[in-house]
Number of protein chains: 2
Amino acid sequence: MEPENKGVRGSQLKNMIIKKLYFNKAMSCAGLSELFDKSIPSIAKAINELMHEGFVVEDGYAPSSGGRRPLMYSVKANAMYILAIALDQLTARIQLFDLLNNPVADMLTFELKLLNNSEALGQLLEQINIYIKQTDIPKDKIAGIGIGMPGFVNVTEGINYTYLDAGGQSLTEYFTDQTGIDTYIDNDSSLIALAEQKFGIAKAQKEVMVINLGWGIGLGMIVNGKLFRGHNGFAGELSHIPVTEDGALCECGKRGCLEAEASLLVVAQKAVAGIKQGRITSLKYNINDHSKLMGDAILEAANNGDQFAIELLSDAGYKIGKALAILVHIMNPAIIVLSGRGAKVAKILMAPIQQAIHKYCIPRLSAGTELLVSELGFDAELIGASVLVMENFDKSVKAKVSKAKKAIAK
Amino acid sequence: MEPENKGVRGSQLKNMIIKKLYFNKAMSCAGLSELFDKSIPSIAKAINELMHEGFVVEDGYAPSSGGRRPLMYSVKANAMYILAIALDQLTARIQLFDLLNNPVADMLTFELKLLNNSEALGQLLEQINIYIKQTDIPKDKIAGIGIGMPGFVNVTEGINYTYLDAGGQSLTEYFTDQTGIDTYIDNDSSLIALAEQKFGIAKAQKEVMVINLGWGIGLGMIVNGKLFRGHNGFAGELSHIPVTEDGALCECGKRGCLEAEASLLVVAQKAVAGIKQGRITSLKYNINDHSKLMGDAILEAANNGDQFAIELLSDAGYKIGKALAILVHIMNPAIIVLSGRGAKVAKILMAPIQQAIHKYCIPRLSAGTELLVSELGFDAELIGASVLVMENFDKSVKAKVSKAKKAIAK
DNA sequence: TAAAGTTTATAAAAATATAAATAAAGTATC
DNA sequence: GATACTTTATTTATATTTTTATAAACTTTA
């Protein structure tokens, strides 16, 4: 009876509603009306259509604020699904979520070396297709694929300049073509920041700095409520900020860079050196051990009270705090979140970081910034990948229309 | 015949058009339609009304881009006026502009000491009222008053925490009430940044850092095309970033802060000390000279080739460059603009600043950022104050309506 | 406990914006 | 140099959106 598509305009609003409900759990017509600056009848019409289409469900009445109670609406969890993928240098994780961020299939983890591995791209695609097939969910029910990855990522072009070279071709185009599902990519630290701001400890905050403590030291920046990437997408390069005069030589050629002084990899190297010099510690150094394994061992040992490990991490924490003090001066964030692999020793890091911030910040600035530890932990990047897809959800219709027009023009 | 007010909705679009034409000189119906995502008839209707109301004029045809030439529309220069005010610690400037940023009356400059001067507020108000009366332009023709001032400014509350205390009352409310004209305030460095991005050398750029080289070292940040102020409005606090280990003691209690090492005031003090020690220079040190006068003398001397002055400024420039290197790592700006009082020696500062940026930045980042010198110079703050008013122009109608509603509710 | 004031929801009429058709004024192509 | 194609502008019919009025559900106050 009704036309299949009611034009870009109407479905634009509906997509905006779905997106908002994904992020905000439940809202009333009145609330959405206020938010989008549309009349209540317009919202009510859109909501009714969305209910008929199976995207939205009624979700009970909210408490009254002095008048008639609003009927709340939520997104229907299984209306669509999102495929989230998190890569680090060595491992890939794939996980399908529903619209309430619940996993709807077991997570798939597999080794995927990114550095100098020309087959990585093909391997990842293969695993994605296998994973989707195995979940038995039709592809058109998957709203999109979000991929978080280390390296310098150009989000608009969909290219990673560091890893996963597709011969200059856009990675997003590659995956979109090969899977038939809209794909979006971003830097791992950026996605962790996104996750913390949408569903984590920095929820709804507008100025948030998220530190990704891993083998390197990453920074994801939320500025004015949105991911900030800078002019060329290279913003947040905290790793090469100087924290000591004439310190260790960094790969970049300078001395005293944060990454060369305080990354988990450096801490591990210092641990190995210390053991060789006979430091008493519960850490065992095996000549065959990869320093990345040593890194994990240090986190364990520190949490178990090993003095040497704690000492090393405290030293690293103080230097991180010094860099954060500079960051606070420039950005004046509401919240700094410690996230990533190193978040599990956050309790040990907190004190020296906070101490350095207080020492190196003018009080007015340090007083305005709260230092918090991630609660999402290891899941942050996957959640962030999921968020990335939904962030683009309301844009997709318009983009597709203009894309189609361009294609026709050719 | 026609109703006076055609509702918030229609006039909202018209205000958006006026604002856009103020910033962009001339645009066509088609261009505005694309920009605001409104149909051409809607735009045409609004434009016609604006022409009847005397806000907009036809501005000839633009060259064809392969079809019928678009008829361009511009804002009518004398449709409204803007009162721009620029304060520094010692002096106030008042200037009335038309909508093409042309001065429509002589600039008024007068001494106004901000520090520990409880009468400053009243004096400023008096001069404003005198100035307006003298121009003979009716108040309802003045779109707003924009005031730039040093100190920590809370823009939303309209309060300056450092100067011009109005007993906790909002400065914007004070001036709006006392003059009958909507007033907006902001930090001087922020307004300089705004001016550079709208009408200066960084025009239309989205990621811009503007350095206000004055007695202190200020930073105005344009992020994602908009002024960035941070969570508490304190962002861009470049002055207390460490640039030397164990350097000069700063007012803030730390050592080696940029401001304590490289501000114009410090350079002046170093000059005085150097002369006392017998350095050969064209600079003359009079025991009665205020060090601020010495600062101006140094700028002169350096431009005239005085080696000592150049040496002092080069040293300061290198330290500023060191701080900018950090800024570039974090913000990845497209452009850094040198502006403010010190811009007149920019040619001397450029080399050491650029040198330090190259030395302390990883190449990928320094390559993406251009270092430029302001062309607006001393006018920047006034232009910025004018921009501030127009930035708020499209918001005002809605804000007034909601404000009026609140007032009625009481 | 009744009355008054809020907030939310729905259904009608009224206002507004848009798409489609048409015209006008160019450029590019053969 | 005529024809086809672009881009811009105007008009009209169509579609959408909002206002206004009304009702419903609830809190607060007298």
Side-chain angles (χ1 to χ4, degrees), chain A residues 1-14 16-17 26-52 56 58-73 397-398 401-402 405-406 408-410, chain B residues 1-17 26-52 56 58-74 397-398 401-402 405-406 408-410:
Chain A
M1 296 276 162
E2 296 209 341
E4 190 69 14
N5 235 342
K6 317 204 74 178
V8 177
R9 217 157 194 89
S11 62
Q12 178 89 348
L13 176 61
K14 288 201 274 183
M16 284 163 70
I17 291 174
M27 290 196 79
S28 67
C29 279
L32 290 165
S33 166
E34 177 95 346
L35 181 72
F36 294 131
D37 199 21
K38 294 271 158 189
S39 69
I40 291 178
S42 296
I43 300 289
K45 188 187 160 208
I47 284 277
N48 277 320
E49 285 176 22
L50 285 170
M51 286 206 297
H52 276 108
V56 166
E58 292 185 355
D59 197 21
Y61 290 91
S64 164
S65 64
R68 176 170 169 172
R69 292 183 303 174
L71 180 53
M72 306 303 278
Y73 299 91
V397 173
K398 233 181 162 182
V401 168
S402 92
K405 274 184 186 171
K406 275 185 190 171
I408 290 165
K410 286 177 188 173
Chain B
M1 296 276 165
E2 295 210 342
E4 190 69 12
N5 235 339
K6 317 204 75 177
V8 177
R9 217 156 195 92
S11 63
Q12 178 88 347
L13 175 62
K14 288 201 273 183
N15 284 338
M16 284 163 69
I17 291 174
M27 290 196 78
S28 67
C29 280
L32 289 165
S33 165
E34 176 95 345
L35 182 71
F36 294 132
D37 199 22
K38 295 269 158 191
S39 69
I40 291 177
S42 297
I43 299 290
K45 188 187 160 207
I47 285 276
N48 277 319
E49 285 175 23
L50 285 170
M51 287 205 297
H52 276 107
V56 167
E58 291 185 355
D59 196 21
Y61 290 91
S64 165
S65 62
R68 175 171 171 173
R69 291 183 305 175
L71 180 52
M72 306 303 277
Y73 298 93
S74 293
V397 173
K398 231 181 161 181
V401 169
S402 93
K405 274 185 185 170
K406 274 185 190 171
I408 291 166
K410 284 175 187 172

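Naming convention: chains lettered A, B, ... in sequence-line order (proteins, then strands); numbering from 1 in each chain. Below, all heavy atoms of this structure are taken into account, side chains as well, without hydrogens, waters or symmetry copies.
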From C:dA17, C:dT8, D:dT10, nucleotide with atom closest to B:S42 side chain: C:dA17

B:R68 CZ - D:dT8 C1' separation (whole Å): 5 Å

B:D59 side, atom CG; B:S28 side, atom OG - distance, nearest 0.5 Å: 12.0 Å

Interatomic distance, B:E49 atom CD to B:I17 atom CD1 [nearest 0.5 angstrom]: 9.5 Å

Backbone of A:G67 reached by a side-chain donor or acceptor of A:S64 within 3.5 Å: yes

Atom-pair distance (CG on B:L71; P on C:dA25), nearest Å: 12 Å

From B:L35 atom CG to B:M16 atom CE, the distance as rounded to the nearest 0.5 Å: 7.5 Å

Side-chain donor/acceptor of A:S33 to backbone N/O of A:K38, under 3.5 Å: yes

Options D:dT17, C:dA17, D:dA23, nucleotide nearest the side-chain atoms of B:S39: C:dA17

Protein-nucleotide distance (A:L13, atom CG; D:dA15, atom P), rounded to Å: 20 Å

A:F36 CZ - D:dT17 P separation (whole Å): 14 Å

Sugar-phosphate only, base, or nothing, as touched by B:P41 at under 4.0 Å among non-hydrogen atoms: base

B:A44 or A:G67, whichever maps to the more 5' nucleotide of DNA chain D: B:A44

Contact under 4.0 Å: B:K45 side-chain N or O vs C:dA17 OP1/OP2: yes

d(CG, B:N48; P, D:dA9) in whole Å: 11 Å

A:Y61 vs A:G66, nearer the 5' end of DNA chain C by closest nucleotide: A:G66

Length of the line joining B:K38:NZ and C:dT16:C1', which is rounded to integer Å: 10 Å

A:I43 CD1 to D:dT18 P, straight-line distance once rounded to whole Å: 8 Å

Under-4.0 Å side-chain N/O to phosphate OP1/OP2 contact, A:S64 with D:dC26: no

Side-chain N,O (A:R69) to OP1/OP2 (D:dA25) below 4.0 Å: no

Atom-to-atom span, CD of A:Q12 to C1' of C:dT18 - whole angstrom: 16 Å

A:I40, nearest nucleotide to its side chain (from C:dT10, C:dA24, C:dG26): C:dT10

